[in-house]
Amino acid sequence: MTAEEQAEFDAMQKEWADNAASRKLIRIKQMRQERLEATDYMANSDVTMPDYIKTWRQTLRDLPQNNSTESQYDTLLARDTDGNLTNSVWTQPKE
């Protein structure tokens, strides 16, 4: 590669790396929204939402503010060998 081609290649790699964190945050927000929507019915006036669900939903809503680095995003998105998310924040709590 010429020096110019190398510089262009390096810039593209840097842009891709810089956008990786943004892509991870977008995925976290999508996953969070799916879980919030799955429990939205509990927020109806004729249903009493248990406190443990209220707490979990607040934890989900706070994820972007409480996790702001790419390594924290990686922890939230970690999966086991079967492809299941390993961070407990994603599991809806039981009583």
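Each of Met49, Lys54, Arg57 was compared with Met42 under the side chain to side chain contact (heavy atoms under 4.5 Å, CB included) criterion, and only Met49 meets it.
Rounding to the nearest 0.5 angstrom, the gap separating the CD atom in Gln72 from the CG atom in Leu25 is 11.0 Å. Met31 CE to Asn87 CG: the interatomic distance, rounded to the nearest 0.5 Å, is 9.0 Å. Between Tyr73 atom OH and Ile28 atom CD1 the span is 6.5 Å, to the nearest 0.5 Å. Annotation: the span from Trp90 atom CH2 to Leu77 atom CG amounts to 7.0 Å, rounded to 0.5 Å.
Gln92 and Thr39 make their closest contact through OE1-CG2, 3.6 Å (heavy atoms, listed as atom of the first residue, atom of the second, distance). The minimum heavy-atom distance between Thr91 and Trp56, with the atom names listed, is O-NE1, 3.4 Å. The two residues Pro93 and Ile53 make their nearest non-hydrogen contact at O-CD1, 4.1 Å.
Among residues two or more places apart in sequence or in another chain, the side chain to side chain contact (heavy atoms under 4.5 Å, CB included) test is passed with Asp82 by Asp80, Asn84. Listed by chain and residue number, Leu36, Glu37 satisfy the side chain to side chain contact (heavy atoms under 4.5 Å, CB included) test with Gln33 (two or more places apart in sequence, or in another chain).
Residues Arg32 and Lys29 have side chains in contact (heavy-atom distance under 4.5 Å, counting atoms from C-beta outward). Using a 4.5 Å cut-off on side-chain heavy atoms (C-beta onward), Leu60 and Leu63 make contact. Under the 4.5 Å side-chain criterion, counting only non-hydrogen atoms from C-beta, Lys24 is in contact with Glu70.
Note on Leu76: it clusters hydrophobically with Leu85, by side-chain heavy-atom contacts below 4.5 Å among ILVMFWY residues.
Applying the side chain to side chain donor-acceptor pair (under 3.5 Å) test to every pair with at least one member in residues 44-53, sequence neighbours left out, gives no pairs at all.
Formation of a donor-acceptor pair under 3.5 Å by the Thr75 side chain with backbone atoms of Ser71 is found in this model. Gln58 places no side-chain N or O within donor-acceptor distance of the main-chain N or O of Thr55, the cut-off being under 3.5 Å.
Other residues, nucleotides and ligands place no more than 12 heavy atoms under 6.0 Å from the CD atom of Glu4. Other residues, nucleotides and ligands contribute over 12 non-hydrogen atoms within 6.0 Å of the CD atom of Glu34.
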